[in-house]
Amino acid sequence: MAAFVVLTVLVPLFACAPDSDSGSTARSTVAAPTNAAHPSRTPTPSFFDRSALSIDDPTSIWLVVDKLRPLQPASFAPSDLVETPLPHLNPPSLRAEAANAMIAMFAAARAEGAGAMQLQSAYRSYSLQVEIYGGYVASAGKTGADSQSARPGFSEHQTGLAADISALPLTCALAACFGQTPQGIWLAANAYRFGYLLRYPADKTAATGYIYEPWHFRYVGESLSTEMKRTGATTLEEFFHLPAAPAYAP
Ligand SMILES: [Zn+2]
């Protein structure tokens with residue numbers, strides 16, 4: 001009992017530690033510096049290798065695309081796209097691994113009481129993005145277009161690993177208030193279990209270059225999404241120590 005009380009008191013002192021949100025890990029971290037050779041010490045979790053997969057290769061599920069990191073080549077198209085058999089607005093293609101995870105995530109959302117959802121938009125080709133971005137430029141000018149749409153070659157949707165999700169019946173589709181729907185709340189808390197990341201959080205616009213998009217989810221695989229959750233990093237830029245990408249290079 002006494003030891004428990006001491007630890008409970010100690011833990012808040014280490015609240016700034018990157019993994020302080022995971023209680024048991026934080027406690028063993030607290031004990032480690034003075035007690036490294038203790039025979040009953042809990043083994044440290046295996047080291048997470050941040051360079052295990054490429055963040056530059058467009059076929060890598062860890063690829064980081066932002067306003068400073070276009071897809072290369074700009075016209076890249078994934079080779080393993082599949083139609084995702086889920087409710088949708090536009091026929092939704094995703095890379096096979098991301099599609100399977102999305103199907104499992106939709107099923108869990110229903111089973112855990114968050115309700116039904118649909119895919120608004122998933123894979124978008126380079127040429128489709130040329131059309132979409134061109135439409136925004138025509139109606140709102142280049143500055144206006146850049147605030148609403150990614151330039152061709154810079155969209156996560158072109159990776160086949162990203163999708164926009166909305167609630168059914170449709171409410172707050174592609175709007176900030178989606179974050180307050182049962183579906184949006186559930187996704188924000190649980191997407192990581194399926195390898196997905198809420199890619200554009202409200203408080204990280206300066207790092208990502210995008211306004212809060214509670215509907216946009218990016219597949220990175222469970223090992224990375226779980227490690228990001230554990231460390232408290234909410235953007236790929238932070239986790240991989242990349243420069244903030246608030247705007248396109250001049
Ligand atoms: Zn999106």
**Student:** Atom CD1 in I103, atom OG1 in T84: separation rounded to 0.5 Å?
**Tutor:**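 OG1 of T84 is found 6.0 Å from CD1 of I103.
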**Student:** Taking the side chain from E237 and the backbone from A245, do they hold a donor-acceptor pair closer than 3.5 Å?
**Tutor:** no
**Student:** Return yes if some donor-acceptor pair links the side-chain N/O of S139 with the main-chain N/O of G135 below 3.5 Å, else return no.
**Tutor:**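 Such a contact is found between S139 side chain and G135 backbone.
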**Student:** In terms of ring plane angle, is the pair F240 and W62 parallel, tilted or perpendicular, where the classes change at 30° and 60°?
**Tutor:** tilted
**Student:** Please check if the side chain of Q118 supplies one atom and the backbone of L86 the other of a donor-acceptor pair under 3.5 Å.
**Tutor:**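 Not confirmed, Q118 side chain does not pair with L86 backbone.
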**Student:** What pair of heavy atoms forms the shortest contact from T235 to A207, and how long is it?
**Tutor:** OG1-CB, 4.5 Å
**Student:** Out of curiosity, does L94 fall in the hydrophobic cluster containing L128 (side-chain heavy atoms, cut-off under 4.5 Å, transitive links)?
**Tutor:**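 Different clusters.
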**Student:** Using a 6.0 Å distance limit plus a 45 degree cone around the ring axis, check whether R95 lies over the aromatic ring of Y219.
**Tutor:**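 Judged by the rule (NZ or CZ under 6.0 Å from the ring centre, within 45° of its axis), R95 is not positioned above Y219.
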**Student:** Which heavy atom of M105 sits nearest a heavy atom of W186, and at what distance?
**Tutor:** O-CH2, 3.6 Å
**Student:** Of all heavy-atom pairs between N190 and F194, which one has the smallest distance, and what is that distance?
**Tutor:**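 Taking every non-hydrogen atom into account, O-CD1, 3.5 Å.
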**Student:** Establish whether L187 and M228 are linked, either directly or via other cluster members, by ILVMFWY side-chain heavy-atom contacts under 4.5 Å.
**Tutor:**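 Looking at the clustering, M228 is in the same group as L187.
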**Student:** May I ask you to test the L197-S225 pair for a side-chain heavy-atom distance under 4.5 Å?
**Tutor:** no
**Student:** Which value, rounded to the nearest 0.5 Å, describes the distance between E97 atom CD and I61 atom CD1?
**Tutor:** 4.5 Å
**Student:** Looking at S155 and P152, would you say the former's side chain and the latter's main chain have a donor-acceptor pair under 3.5 Å?
**Tutor:**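 No.
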**Student:** Do I55 and F239 share a hydrophobic cluster (ILVMFWY, side-chain heavy atoms under 4.5 Å, transitive)?
**Tutor:** yes
**Student:** List the steps, then state whether ring-ring contact (aromatic ring centres under 6.0 Å, His included) holds for Y196 with F217.
**Tutor:** CA-CA 6 Å; Y196 275 93; F217 287 84; 7.1 Å; no
**Student:** Hydrophobic clusters here meaning ILVMFWY residues chained together by side-chain heavy-atom distances under 4.5 Å, can you tell me if Y126 and V65 are in one?
**Tutor:** no
**Student:** Can a side-chain donor-acceptor contact be found between T59 and D57 if the only test is distance below 3.5 angstrom?
**Tutor:** yes
**Student:** For the side chain of Q158 and the backbone of A74, is there at least one donor-acceptor N/O pair under 3.5 Å apart?
**Tutor:** yes
**Student:** Measure the CH2-OG distance between W215 and S166 for me, rounded to the nearest 0.5 Å.
**Tutor:** 11.0 Å
**Student:** Could you tell me whether E238 and K204 make a salt bridge, using a distance below 4.0 angstrom between a side-chain N and a carboxylate O?
**Tutor:**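 A salt bridge is present here (some side-chain N lies under 4.0 Å from a carboxylate O).
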**Student:** Step by step, work out the side chain to side chain contact (heavy atoms under 4.5 Å, CB included) result for R199 and L236.
**Tutor:** CA-CA 8 Å; R199 179 68 174 97; L236 295 171; 3.6 Å; yes
**Student:** How close do D164 and H216 get, heavy atom to heavy atom, and via which atoms?
**Tutor:**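 What the structure gives for the nearest pair is OD1-ND1, 3.2 Å.
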**Student:** Checking side-chain polar atoms at under 3.5 Å, does D146 have a donor or acceptor matched by the opposite partner on Y133?
**Tutor:** yes
**Student:** Side chain to side chain contact (heavy atoms under 4.5 Å, CB included) between L242 and L68: does it pass, once the steps are laid out?
**Tutor:** CA-CA 10 Å; L242 296 168; L68 297 176; over 6 Å; no
**Student:** Given the rule in the side chain to side chain contact (heavy atoms under 4.5 Å, CB included) test, do M102 and L119 qualify, once you have shown the distances and angles that lead to the verdict?
**Tutor:** CA-CA 10 Å; M102 186 66 80; L119 293 170; 4.0 Å; yes
**Student:** Will you find, in the side chains of E227 and T231, an N or O donor that is under 3.5 Å from an N or O acceptor?
**Tutor:**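 No pair is found: no donor N or O on one side chain lies under 3.5 Å from an acceptor on the other.
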**Student:** Any chance you could measure I165, atom CD1, to F106, atom CZ, to the nearest 0.5 Å?
**Tutor:**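 Going from CD1 on I165 over to CZ on F106, the span is 5.0 Å.
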**Student:** Salt-bridged, E156 to R124, with N to O below 4.0 Å?
**Tutor:**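 Here E156 does not pair with R124 in a salt bridge, since their nearest N and O are not under 4.0 Å apart.
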**Student:** Between the main-chain N or O of Y123 and the side-chain N or O of H157, is there a donor-acceptor pair closer than 3.5 Å?
**Tutor:**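 It does not hold such a pair.
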**Student:** How about CZ on R50, more than 12 heavy atoms from neighbouring residues, nucleotides or ligands closer than 6.0 Å, or not?
**Tutor:**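 Counting other residues, nucleotides and ligands, CZ of R50 exceeds 12 neighbours.
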**Student:** Mind listing the closest non-hydrogen atom pair of L71 and F76 along with its distance?
**Tutor:**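 Minimum heavy-atom contact is CD2-CD2, 3.7 Å.
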**Student:** Between the side chain of S93 and the main-chain N/O of E83, is any donor-acceptor distance below 3.5 Å?
**Tutor:**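 Flag not set: sc S93 to bb E83 has no pair under 3.5 Å.
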**Student:** What are the two closest heavy atoms between A140 and A145, and how far apart are they?
**Tutor:**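 Minimum heavy-atom contact is CB-N, 4.2 Å.
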**Student:** What is the distance from atom CD of Q148 to atom CD1 of I132, rounded to the nearest 0.5 Å?
**Tutor:**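 Between Q148 CD and I132 CD1, I get 12.5 Å after rounding to 0.5 Å.
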**Student:** Cluster question for you: counting only ILVMFWY and a side-chain heavy-atom cut-off of under 4.5 Å, with indirect links fine, are I211 and L198 together?
**Tutor:** no
**Student:** Would you check, one step at a time, whether the test side chain to side chain contact (heavy atoms under 4.5 Å, CB included) holds for T171 with Q180?
**Tutor:** CA-CA 10 Å; T171 171; Q180 270 84 59; over 6 Å; no
**Student:** How long is the span from the CZ atom in R110 to the CE atom in M117, to the nearest 0.5 Å?
**Tutor:** 9.5 Å
